[in-house]
Amino acid sequence: MTREPRFGALAADARWQKAWEAANSFATTDSADKPKAYILEMFPYPSGRIHMGHVRNYAMGDVLARFKKMTGHDVLHPMGWDAFGMPAENAAMEKGVHPGGWTRDNIASMRGQLKRLGLAIDWSRELATCDPDYYGQEQALFLDLFAAGLVTRKESYVNWDPVDMTVLANEQVIDGRGWRSGALVEKKKLSQWFLKITDFADELLEGLGGLDSWPDKVRLMQENWIGKSQGLEFSFKLVGGAAGFDVFTTRPDTLFGASFAAISPDHPMAERMAQDAPELADFIAECRRQGTSAEQLETGEKLGFDTGLTVEHPLDPALHLPVWVVNYVLMDYGTGAIFGCPAHDQRDLDFARKYGLPIHRVIADGDETAQHFTGDEAYTGPGKLVNSHFLDGMTIDEAKAAIVSRAEHEGWGKGTTVWRLRDWGVSRQRYWGTPIPFIHCHACGTVPVPKDQLPVVLPEDVDFSIPGNPLDRHPTWKHVRCPSCGGDAVRETDTLDTFVDSSWYFLRFASSPSDRPFDPEVIRRWLPVDQYIGGVEHAILHLLYARFWTRALHKMGMIDIVEPFASLFTQGMVTHETYSREQGEGLPPLYFTPDEIERSADGATLTADAAPVQVGRVIKMSKSKKNVVDPDAILDQYGADAARWFMLSDSPPERDLPWSEAGIEGAWRFVQRLWRLFGDTENVGDGGEDRALARKLHQAIAGVGADIEALGFNKAVAKIHALANDIEKAKPSATRAEACLTLIRLVAPMMPHLAEEAWAALPAGQRATTLVADAAWPTADPALLVDDEVTIAIQMAGKLRDTMTLAKGLDKDAIEAAALARPRIAELLGGATPKKVIVVPDRLVNIVP
RNA sequence: GCGGACGUGGCGAAAUCGGUAGACGCAGCAGACUUAAAAUCUGCCAUCCUCUGGAUAUGCGGGUUCAAGUCCCGCCGUCCGCACCA
């Protein structure tokens with residue numbers, strides 16, 4: 001094969017992608033004697049086009065997968081599609097296309113885009129969650145969960161998105177608005193399916209402790225989300241004998257500071273009272289209207305309604321506390337009722353000040369012990385109990401324990417744990433999702449679809465001309481016979497939250513039998529995922545749900561593992577400058593795309609009119625700011641390897657990566673530079689050895705490998721650059737020729753097409769495998785990893801004064817003597833004896849004069 | 001409000017255990033090659049000074065240490081998550 005002077009990326013990309021496919025290079029192997037590596041990147045939603053964030057994500061996973069293959073692992077590196085969801089239905093409504101057709105078209109074009117990146121993926125395992133093969137097995141698992149008591153159906157207030165006409169999980173409500181539509185969310189009472197994730201709250205929290213290879217940030221976010229609080233639950237008795245209500249507190253120690261009791265506007269007692277009290281009914285309605293609005297949350301104004309009822313203080317029945325209905329008490333946390341202790345809780349203090357309720361100090365703030373509390377800042381710090389009868393003098397912890405034990409002894413309360421985490425509502429009033437496999441029968445109630453009737457397949461003929469759920473108004477689909485009594489019945493028309501689809505797909509990748517969700521034997525071999533890579537935006541929802549499913553399946557005896565992802569990596573976003581011009585007052589700035597812009601060192605101009613534009617902050621690529629760069633255009637111009645290389649260069653992978661034209665140009669130049677170097681594998685010069693270069697080569701082999709293993713791609717890139725510099729500067733020698741040859745394999749995981757092209761150009765005797773994809777990672781010679789000479793710094797009083805090169809491994813005395821013998825040091829010392837000399841062998845000498 | 005992370009040249013960054021701060025890349029400057037450009041190659045590139053040397057430098061102010069980007073205390077700033085969670 002004749003060698004071209006320049007690397008023709010476009011032709012080479014296509015050629016090698018075809019060669020890998022023909023050779024089936026990335027089919028998952030399973031040889032008993034090799035360690036396994038399951039490398040997984042979060043599967044994409046088929047929105048239509050891949051974006052740079054995908055390129056970065058999949059480039060990282062791909063480097064790792066290829067490296068694992070080269071280092072003798074059986075590698076599982078699959079790809080699939082998170083294919084259900086709202087955008088497909090929106091497209092259906094806007095463009096009149098079928099969600100299924102739209103989704104499948106998108107998958108086809110995105111698959112093509114991903115293949116252009118040259119990813120080492122086993123495409124035979126590709127799956128889409130919208131295939132009945134997949135969601136039918138999901139329905140089977142859902143029935144298993146039901147049988148295990150982990151699925152319930154209950155009436156509950158749900159977050160209703162009036163624009164998307166669907167229910168949202170709490171996690172999908174952001175600042176009181178739907179996460180997709182941005183519409184103000186309303187409360188609505190509906191019968192909904194729930195997965196009992198709260199059964200696993202404790203386990204999911206405890207399990208975080210074992211996830212050493214997860215980012216601390218993600219573990220902390222999950223911990224906060226699960227939100228474990230320990231405290232006291234006790235009942236208030238209404239004065240006058242009627243039944244009271246339960247409250248929960250994490251501060252039972254402040255019980256003597258109680259000055260009122262408060263219940264949520266959604267509390268059953270409040271609703272009952274409202275039936276005969278129109279003013280209260282109005283107040284409750286007002287709270288519901290305001291409860292979710294953004295400005296309500298911001299101003300945080302405390303509103304209350306005095307019911308006129310009073311309750312007995314549990315420790316002093318003579319003391320009566322007024323009962324208020326209060327807007328800041330949430331029904332779905334704790335018991336929906338509290339006692340107010342204004343001196344030591346800011347919200348209660350704001351409320352008490354507004355409505356003139358008493359404020360009693362019960363925790364000493366340093367020397368301040370007066371019962372009468374002044375000021376507008378509640379004291380929440382540590383201190384001894386005061387004004388609290390038998391608790392006086394105790395610490396907060398002692399007092400908590402004393403109250404809990406007394407409550408339990410006297411029978412009016414008990415120590416308890418309350419979770420922030422709530423059961424996962426999975427019902428969605430949507431078409432494009434997994435049908436929930438249940439049937440409602442007048443006679444038999446809600447009955448599961450028998451497993452032999454799965455999958456419950458979505459009907460194709462649906463109408464999107466009006467909002468709401470097309471399944472619900474489909475003429476025939478929902479009408480079925482009851483599997484139990486054979487009478488007329490209707491299907492459940494809700495579909496599953498798409499987060500269910502992504503809660504087990506990593507199991508299906510390992511094995512996809514047609515008659516079950518997965519093969520437990522195969523799961524035993526491949527799971528957990530060794531390295532999971534994706535965006536931090538999934539830190540809570542997806543990752544928590546996947547952990548829950550894994551634990552649930554474990555509890556049901558279906559799998560052995562309890563955690564799905566042994567190691568997690570959350571990568572940063574791809575960002576870009578923005579280019580804009582002000583359009584005048586009241587108008588938003590006009591943004592321009594990067595390819596409309598001429599960028600120079602000191603600014604940017606619009607190509608069309610050659611006039612300057614404003615260069616804005618480097619922010620996440622987004623369509624609205626027009627700072628997006630299309631991966632296809634980059635691949636056309638520079639090829640896959642330059643794009644991959646740039647994605648991996650410079651920025652640490654967990655941090656944001658600023659995309660720049662100059663950066664991709666630099667990557668492209670480096671690709672060409674390597675191509676020239678790879679032409680030198682037979683240029684041995686005088687044929688001699690170059691010991692110094694050999695050291696650098698072997699240090700690079702070890703260093704690059706270690707960096708890739710640790711996902712330090714930017715460091716691996718820097719080391720390859722440094723080695724390329726060293727090789728270029730070295731005189732031709734046998735060592736240099738060998739270094740050029742070895743460098744091909746060092747860059748192969750990151751620039752696989754270039755590496756194959758260079759590999760193929762080698763004389764047959766120089767390569768052990770036909771494809772570099774099948775080659776082994778080079779072995780570093782331990783003898784060459786250490787230098788035999790070291791440069792030692794000589795400091796005086798901590799300041800660098802001189803350096804010297806000595807043999808490695810000299811003892812302290814020899815190093816000290818050598819340092820003191822340096823003319824410069826002798827001169828600075830001026831004949832005086834140093835007070836102290838610290839020697840760190842092979843590193844430095846610090847002389848304290 | 002609560003919790004967390006981060007702050008190093010013009011820019012992205014490195015410094016793995018407290019031991020020579022700024023590797024590597026981008027941008028820039030100077031030069032070589034060229035009729036010219038591109039490409040390529042060579043060199044320079046933290047700041048200041050009295051410049052074969054020296055001083056100051058890792059957000060700011062303290063501290064520990066022979067030695068601090070790294071450890072401790074207190075500020076300031078930026079970003080992220082949660083948010084009336086009792």
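In the text below, chain A, chain B and the rest are named by the order of the sequence lines, each starting its count at 1. Reckoned from all heavy atoms, side chains included, excluding hydrogens, waters and symmetry mates.
Atom C1' of B/rC33 sits at a distance of 27 Å from the matching atom of B/rC24, rounded to the whole Å. The same atom, C1', is picked in B/rU16 and in B/rA23; the two are 14 Å apart, to the nearest Å. Atom name P, nucleotides B/rC45 and B/rG69: the rounded distance is 22 Å, in whole Å. When the C1' atom is compared between B/rA5 and B/rG9, the two are found 24 Å apart, to the nearest whole Å. When the C1' atom is compared between B/rU34 and B/rU78, the two are found 49 Å apart, to the nearest whole Å. Straight-line distance between the C1' atoms of B/rA68 and B/rG18: roughly 7 Å, to the nearest whole Å. Atom C1' of B/rG22 sits at a distance of 15 Å from the matching atom of B/rU70, rounded to the whole Å. The same atom, C1', is picked in B/rA27 and in B/rC44; the two are 14 Å apart, to the nearest Å.
Take A/Ala262 and apply the side-chain contact (heavy atoms from CB on, under 4.5 Å) test, not counting sequence neighbours, and it matches A/Phe260, A/Val326, A/Val329, A/Ile338. With sequence neighbours excluded, the residues that form a side-chain contact (heavy atoms from CB on, under 4.5 Å) with A/Asp212 are A/Arg219. Judged as a ring-ring contact (aromatic ring centres under 6.0 Å, His included), and not counting sequence neighbours, A/His267 has no contacts. Legend: residues meeting ring-ring contact (aromatic ring centres under 6.0 Å, His included) with A/Trp412, ordered by chain and number and at least two apart, are A/Phe234. Take A/Arg676 and apply the side-chain contact (heavy atoms from CB on, under 4.5 Å) test, not counting sequence neighbours, and it matches A/Gln672, A/Arg673. With sequence neighbours left out, A/Asp650 forms a side-chain contact (heavy atoms from CB on, under 4.5 Å) with no residue at all. In terms of the ring-ring contact (aromatic ring centres under 6.0 Å, His included) criterion, residue partners of A/Phe7 (sequence neighbours excluded) are, by chain and number, A/Trp675. Legend: residues meeting ring-ring contact (aromatic ring centres under 6.0 Å, His included) with A/Phe245, ordered by chain and number and at least two apart, are A/Phe236.
Put simply, A/Ser660 has no side-chain N or O that comes within less than 4.0 Å of OP1 or OP2 on B/rA27.
The pair A/Arg824-A/Asp802 fails the salt-bridge criterion, with no side-chain N (NZ, NE, NH1 or NH2) lying under 4.0 Å from an Asp/Glu carboxylate O.
Remark: the A/Gln222 side chain and the A/Arg547 side chain contain an N/O donor-acceptor pair separated by less than 3.5 Å. Remark: the A/Asp348 side chain and the A/Tyr328 side chain contain an N/O donor-acceptor pair separated by less than 3.5 Å. Side chains of A/Thr198 and A/Asp423: a donor on one and an acceptor on the other come within 3.5 Å. Side-chain contact check for A/Tyr333 and A/Ser229: at least one donor-acceptor pair (N or O, by modelled atom type) lies under 3.5 Å.
One atom, CZ of A/Phe245, and another, P of B/rA86, lie 18 Å apart when rounded to the nearest Å. Rounded to whole Å, the distance from CD1 on A/Ile838 to C1' on B/rU65 is 10 Å. Between A/Phe351 atom CZ and B/rA86 atom C1' there is a gap of 14 Å when expressed in whole angstrom units. Rounded to whole angstrom, the span from the OH atom of A/Tyr328 across to the P atom of B/rG1 amounts to 19 Å. Taking atom CG of A/Leu232 as the reference point, atom P of B/rC85 lies 19 Å away to the nearest angstrom. Whole-Å rounding puts the A/Phe339 CZ to B/rA86 C1' distance at 8 Å. Rounded to whole Å, atom C1' of B/rA86 lies 5 Å from atom CD1 of A/Ile338. Regarding A/Tyr333, its OH atom lies at a distance of 13 Å from the P atom of B/rA83, rounded to whole Å.
Judged by a 6.0 Å distance limit and a 45° cone about the ring axis, A/Lys302 is not positioned over the six-membered ring of A/Phe351.
Checking B/rU20, B/rG81, B/rA83 against every side-chain atom of A/Arg420, the shortest atom distance belongs to B/rA83. Counting only heavy atoms from C-beta on, A/Ala718 has its side chain closest to B/rA23 among B/rG4, B/rC80, B/rA23.
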**Request:** Between protein and nucleotides 39-56 of chain B, map the contacts as a letter string: B base, S sugar-phosphate only, - none, heavy atoms under 4.0 Å, written 5' to 3'.
**Result:** -SS-----------SSSS

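Using a 4.0 Å heavy-atom cutoff across all strands shown, A/Val840 reaches at least one base atom of the nucleic acid. Looking at heavy-atom distances under 4.0 Å, A/Arg347 makes contact with a base. A/Val717 comes within 4.0 angstrom of nothing in the nucleic acid, heavy atoms only. Counting any heavy atom pair closer than 4.0 Å across all strands shown, A/Asn725 reaches sugar-phosphate atoms only and no base atom.
Comparing A/His721 and A/Val848, the nucleotide of RNA chain B nearest to each residue sits closer to the 5' end for A/His721. For A/Asp345 and A/Val790, each mapped to the nucleotide of RNA chain B holding its nearest heavy atom, the one lying further toward the 5' end belongs to A/Val790.
Anti is the conformation of B/rC29, whose glycosidic angle sits further than 90° from 0. Taking the O4'-C1'-N9-C4 or O4'-C1'-N1-C2 dihedral as appropriate, B/rG9 has a value within 90° of 0 and is therefore syn. Glycosidic conformation at B/rC17 (O4'-C1'-N9-C4 for purines, O4'-C1'-N1-C2 for pyrimidines): syn, within 90° of 0.
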Between protein and nucleic acid, restricted to nucleotides 11-17 of chain B and to nitrogen or oxygen atoms under 3.5 Å apart, what atom pairs and distances do you find?
unit_1, atom_1, unit_2, atom_2, d
B/rG12, O2', A/Ser651, OG, 2.8
B/rG12, N2, A/Asp650, OD1, 2.9
B/rA14, OP1, A/Asn714, ND2, 3.2
B/rA15, OP1, A/Lys715, NZ, 3.0

List every contact pair, protein side and nucleotides 69-75 of chain B side both N or O, where the distance is under 3.5 Å.
none

**Complete:** The dot-bracket string of RNA chain B, counting Watson-Crick and G-U wobble pairs with both distances under 3.5 Å, using [ ] for crossing pairs and | for pairs to another strand, is (((((((..(((......[....))).(((((.......))))).((((...))))..(((((..]....))))))))))))....

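Exactly one of A/Leu211, A/Leu544, A/Leu568, A/Leu208 qualifies for a side-chain contact (heavy atoms from CB on, under 4.5 Å) with A/Val218. That residue is A/Leu568.
Aromatic ring orientation, A/His542 versus A/His538: perpendicular (interplanar angle above 60°, classes split at 30° and 60°).
Here the side chains of A/Val786 and A/Arg695 are not in contact, with every heavy-atom distance at 4.5 Å or above.
The base of B/rC66 does not come close enough to the side chain of A/Lys835 for any donor and acceptor atom to sit less than 3.5 Å apart.
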